[in-house]
Amino acid sequence: MKEEQLKKIIQKSAIETSDDFLNNLMHSIEAKQKMRQPSFWWSFKTVLMICMLLVMVISFLLFKDVTFGVATNIPKTPVFVIITAALLFGINHIMRLNENQKKSIG
Amino acid sequence: MKSNQAKEDYELIRKINEGDATAFRQLVYKHKDVSLSLAQSILKDVAIAEDVLQDVFIKVYRKLHTFKFKASFSTWLYRIVVNTSYNELKKQKHNISVDALDDTYNITSENKDLMGEQDQKKYINLALQKLRPDEALLLRLFYLCELSIKEIEDITSFKPSKIKVDLHRGREHIGFHLKQLLGKDLKHLL
């Protein structure tokens, strides 16, 4: 078989999608867009910044006896508990975000 | 011709990135049939190939903002089609038996004589289905998409030597299967 003949034959072989292919695709895309989760990176950054801010404020209160001219005498143990809880909450939230992200991609 | 198509694609992609959903519809419409043919070369089943193609276009829609305008869109798209189809083939771990395909197209001497365009397509596709996925895919990339060996290499990641060997084997095999299917009536195809 000659090259040109084969080319003609293969060009005849192109198959067409079903009639509803395009509509189904556009519906799937619309549905997925509605379900779309907020971007992991932005959520991650927000959580990280809030946690860091919280830790900084608490650390500042903890290690400075005078803040804004007001004497503070805060017991250290509860403050450590609050810092730990804030960090654990942050880590937990980030892990959940990661799981949701994986689910939405899958 | 090719560069005009590439320009059209770039224009549509720009519109899509600006939020024009109808432009995406146009882009899919332009490429869906050739993409389906490529997926079917690998998967051998049109229904499965169509499902894979739905996933491919959803992926394309999500990743379109990462498309670099250095390469042609069709090369980028075909690479996704080929990779996704081979992944699906691995998942399925079975090929549709040729016997089952033979049942799909019942060839009689009566309908061979009255071969219309649709019948010709059926016979050619039946012959292509009997080829190995690599051979059928390369034949379609080379003759249907009219791509160069370099472009095929970019899409499939096959070595040029493998592409040339498989193309040669594919040519021989499709000729053999078409002769077996059609006998003397092969001349109606040429």
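Per chain, numbering begins at 1; letters A, B, ... match sequence-line order. All values below come from the heavy atoms of this structure, side chains included, with hydrogens, waters and symmetry mates left out.
Taking both residues in full, the closest heavy atoms of A:Glu3 and B:Phe142 are given as OE2-CE2, 3.8 Å, listed atom of the first, atom of the second, then distance. Shown here for A:Lys7 and B:Glu146, the closest heavy-atom pair between the two residues is NZ-OE1, 3.0 Å. Smallest separation of non-hydrogen atoms from B:Ser37 and A:Ala14: OG-CA, 3.5 Å. Minimum interatomic distance between A:Gln11 and B:Tyr143 (heavy atoms only, all atoms of both residues): NE2-O, 3.2 Å.
Summarising the geometry, atom CD belonging to B:Glu172 is positioned 11.5 Å from atom CG belonging to A:Leu6; distances are rounded to the nearest 0.5 Å. In this structure, the separation between CZ on B:Arg140 and CD1 on A:Ile15 is 5.5 Å, given to the nearest 0.5 Å. Rounded to the nearest 0.5 angstrom, B:Leu138 CG and A:Ile10 CD1 are separated by 11.0 Å. To the nearest 0.5 Å, the span separating CD on A:Gln5 from CG on B:Leu178 amounts to 11.5 Å. Taking OG from A:Ser28 and CD1 from B:Ile58, the interatomic distance works out to 4.5 Å, rounded to the nearest 0.5 Å. Rounding to the nearest 0.5 Å gives a distance of 15.0 Å between OG of A:Ser13 and NZ of B:Lys122.
The hydrophobic cluster containing B:Tyr78 also contains B:Phe158, counting ILVMFWY residues as joined when their side-chain heavy atoms lie under 4.5 angstrom apart, directly or transitively. Connection of B:Tyr86 to B:Leu36 is established within a shared hydrophobic cluster, with ILVMFWY side chains joined at heavy-atom distances below 4.5 Å, either directly or through further cluster members. One hydrophobic cluster, built from ILVMFWY side chains closer than 4.5 Å, holds both B:Leu38 and B:Leu89. Cluster membership check: A:Phe89 does not share its hydrophobic cluster with A:Met49, using side-chain heavy-atom separations under 4.5 Å among Ile, Leu, Val, Met, Phe, Trp and Tyr. Note on B:Phe176 and B:Ile174: separate hydrophobic clusters, where clusters join Ile, Leu, Val, Met, Phe, Trp and Tyr whose side-chain heavy atoms are under 4.5 Å apart, directly or indirectly.
Under the 4.5 Å side-chain criterion, counting only non-hydrogen atoms from C-beta, B:Val28 is in contact with A:Phe21. Two residues are said to be in side-chain contact when any heavy atoms from C-beta on lie closer than 4.5 Å; A:Lys32 and B:Tyr61 fail this criterion. The shortest distance between side-chain heavy atoms of A:Lys12 and B:Asn125 does not fall below 4.5 Å.
Looking at B:Leu53, both its backbone and its side chain come within 4.5 Å of chain A, counting heavy atoms on both sides. With a threshold of 4.5 angstrom between heavy atoms, B:Leu128 approaches chain A through side-chain atoms but not through N, CA, C or O.
For B:Lys63, the NZ atom counts as loosely surrounded, since its 6.0 Å shell holds 12 or fewer non-hydrogen atoms of other residues, nucleotides or ligands. B:Tyr10 OH: more than 12 foreign heavy atoms inside a 6.0 Å radius. The neighbour count for A:Asp19 CG, taken as heavy atoms of other residues, nucleotides or ligands under 6.0 Å away, does not exceed 12.
The choice from B:Asp33, B:Val34, B:Leu144 that makes the most heavy-atom pairs within less than 4.5 Å of chain A is B:Asp33. Most heavy-atom pairs under 4.5 Å with chain B, from the set A:Glu4, A:Glu16, A:Lys2: that is A:Glu16. When each of A:Leu25, A:Leu22, A:Asn24 is checked for heavy-atom pairs under 4.5 Å with chain B, A:Leu25 comes out on top.
Residues satisfying the side-chain contact (heavy atoms from CB on, under 4.5 Å) criterion with B:Lys150, sequence neighbours excluded, are B:Ser148, B:Glu153, B:Asp154.
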(message) I'd like to know whether B:Glu50 forms a side chain to side chain donor-acceptor pair (under 3.5 Å) with A:Thr17, so could you lay out the CA-CA distance, the side-chain angles of the two residues, the decisive distance to 0.1 Å, and finally the verdict.
(response) CA-CA 7 Å; B:Glu50 208 170 281; A:Thr17 58; 5.3 Å; no
